[in-house]
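Following: one structure in structure tokens, then a few remarks.
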Amino acid sequence: MADMHGSIPRIDFAGIDPATGGTSDDAKWAAVRGAVMDALCEHGCFEAVMDGLITPELSAAVLGAGGAVESLLSLPVSAKARNTSEKPYRGYVGSIPGLPYESLAIVDPLSVDAVRAFADLMWPDTGNTAFCESMHAYAERVAVLEAVVRRMVLEGVGATAEYIEEQAKATAFKLRLTEYAAPGAAEGRVVGLPAHRDTSFLAVLTQNDIDGVEVECGRGEGGWARPVLSPGSFLIFAGDTFKVLTNGRVFNPLHRVVMAGGDKTRYSSILFSSPKDDIVVRAIDEAVGADHPAAYRPFEYGEYVVFCYKPEMIQHRKKLEAFAAVRIDG
Ligand SMILES: O=C(O)CCC(=O)C(=O)O
Ligand SMILES: [Fe+2]
């Protein structure tokens with residue numbers, strides 16, 4: 001495997017009021033926004049610390065031993081396989097030979113009704129109220145951080161307040177809950193999820209106390225980092241569509257999961273934000289100019305996702321370039 005000398009920044013959001021989101025001329029907001037832009041332009045990834053966003057009780061109820069994520073992943077495969085979607089990567093993924101990866105997706109987790117419908121499908125007899133309550137509350141809290149970061153980036157590339165408001169309305173959410181089976185004490189490093197880039201705007205990841213994510217730093221030039229997450233911190237990744245919106249300024253890093261041996265199962269929960277399927281993704285006007293011609297052609301997000309999950313594209317490392325890069329000839 002490639003060397004591991006990289007490291008990604010850690011940004012403290014203390015002083016940013018999640019309720020109001022702060023204001024653009026507030027000095028604290030501007031300082032954190034600067035750090036967020038630097039991190040996402042340089043690495044496409046950072047660790048966010050936002051104390052108090054999620055109480056220890058809620059965190060334990062979701063990702064702790066016997067919590068919501070573990071109880072979901074402990075269901076029989078026949079039940080988990082009911083989590084289907086006609087869209088790729090929006091349902092159950094698992095039982096892949098050689099990969100200790102099993103995952104489900106709650107589409108639209110900020111809607112109580114959507115979370116309840118998911119739980120009714122998984123636990124048809126009982127519906128699992130505890131799961132619904134903790135998962136929905138958790139998604140809402142993580143979405144606060146996601147919205148702060150998304151707004152900071154859009155402001156950072158010069159988007160107007162009107163654009164930011166419209167963009168928020170055109171954003172969809174998905175919560176992916178994943179189990180990585182323990183490789184066993186005798187094993188060395190085992191790939192849990194191969195290297196890929198996300199198609200989303202942003203992904204906000206939390207986990208139980210087992211690390212495993214590795215991120216390629218420095219726009220692919222800085223080696224792999226293996227962040228050690230502290231309780232209460234979040235790992236934030238920018239995806240392909242944020243790279244398009246910012247006309248290439250924000251980077252979409254390769255990342256993977258590698259289980260480092262041992263006998264503890266890893267659980268993760270990721271809130272993905274992305275454009276709604278019928279939204280046309282294109283660079284914002286302020287990010288395009290004579291010095292910075294648009295690097296990607298406009299495209300519908302739903303079409304791009306279908307392209308990415310074609311069997312011949314799954315392993316491709318530069319799907320966005322393959323799909324939408326504008327050729328500059330001559
Ligand atoms: O579960 C994780 O830690 C990372 C998963 C991931 O990168 C993804 O689902 O896109
Ligand atoms: Fe990912």
Side-chain angles (χ1 to χ4, degrees), residues 8 40 43-48 59 62-63 67-70 72-73 80 83 85 87-94 96 99-107 109 138-139 142 146 149 172-183 189-217 220 224-231 233-243 250-260 262 264-274 304-305 308-309 313-320:
I8 56 149
L40 290 183
H43 305 290
C45 180
F46 66 91
E47 182 186 347
S59 183
V62 172
L63 282 158
V69 177
E70 185 177 331
L72 174 66
L73 271 305
K80 290 181 280 200
N83 176 217
S85 166
K87 297 280 163 42
Y89 200 57
R90 285 185 204 165
Y92 174 74
V93 182
I96 303 167
L99 214 59
Y101 174 90
E102 221 184 353
S103 177
L104 296 95
I106 306 179
V107 174
Y138 198 76
V142 177
E146 191 282 333
V149 174
F173 296 92
K174 180 180 73 183
L175 191 65
R176 187 158 273 293
L177 307 170
T178 305
E179 175 180 306
Y180 298 87
R189 288 162 56 88
V190 172
V191 172
L193 184 62
H196 65 280
R197 302 177 205 273
D198 295 339
T199 58
S200 43
F201 289 135
L202 290 169
V204 183
L205 177 148
T206 49
Q207 61 181 33
N208 66 347
D209 52 356
I210 304 295
D211 291 313
V213 177
E214 297 181 352
V215 194
E216 211 177 15
C217 299
W224 290 87
R226 187 176 169 93
V228 176
L229 292 191
S230 33
S233 72
F234 304 81
L235 207 52
I236 308 225
F237 299 96
D240 298 336
T241 37
F242 235 12
K243 190 177 190 192
V250 160
F251 192 66
N252 54 345
L254 270 181
H255 55 284
R256 64 190 179 199
V257 174
V258 180
M259 299 293 287
K264 279 201 76 175
T265 304
R266 175 167 187 268
Y267 293 98
S268 71
S269 159
I270 307 179
L271 184 74
F272 289 98
S273 59
S274 67
Y304 178 54
V305 172
C308 289
Y309 288 94
M313 289 310 295
I314 295 270
Q315 307 276 356
H316 198 290
R317 292 276 171 106
K318 294 194 168 175
K319 298 181 179 68
L320 177 61

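Both ligands and their constituent atoms are indexed starting at 1 by order of listing. This chain uses plain numbering: 1 for the first residue, then up along the sequence.
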- prompt: What residues sit with at least one heavy atom under 4.0 Å from ligand 1?
  reply: Y89, Y180, L193, H196, D198, L205, V213, H255, V257, R266, S268, I270, F272

field: Sidechain N-carboxylate O distance under 4.0 Å for K80, E179
entry: no

query: Where the Fe ion (ligand 2) is the centre, what is the OD1-to-NE2 angle for D198 and H255, rounded to 10°?
result: 90°

- prompt: the Fe ion (ligand 2) is nearest to which N, O or S atom of H196?
  reply: NE2

query: So, T199 versus Y89: side-chain donor-acceptor pair below 3.5 Å or not?
result: no

query: Are Y304 and L320 close enough, and set up right, to give a side chain to side chain contact (heavy atoms under 4.5 Å, CB included), and what steps lead you there?
result: CA-CA 8 Å; Y304 178 54; L320 177 61; 3.5 Å; yes

message: With a 6.0 Å cut-off on the ring centroids, do F272 and F173 count as close?
response: no

field: Residue pair R266 / V213: nearest heavy atoms and the distance that separates them
entry: NH2-CG2, 3.3 Å

message: Give me the atom names and distance for the closest heavy-atom approach of C308 to K319.
response: O-CE, 3.4 Å

field: Exercise: identify the closest heavy-atom pair between P253 and A238
entry: CD-O, 3.3 Å

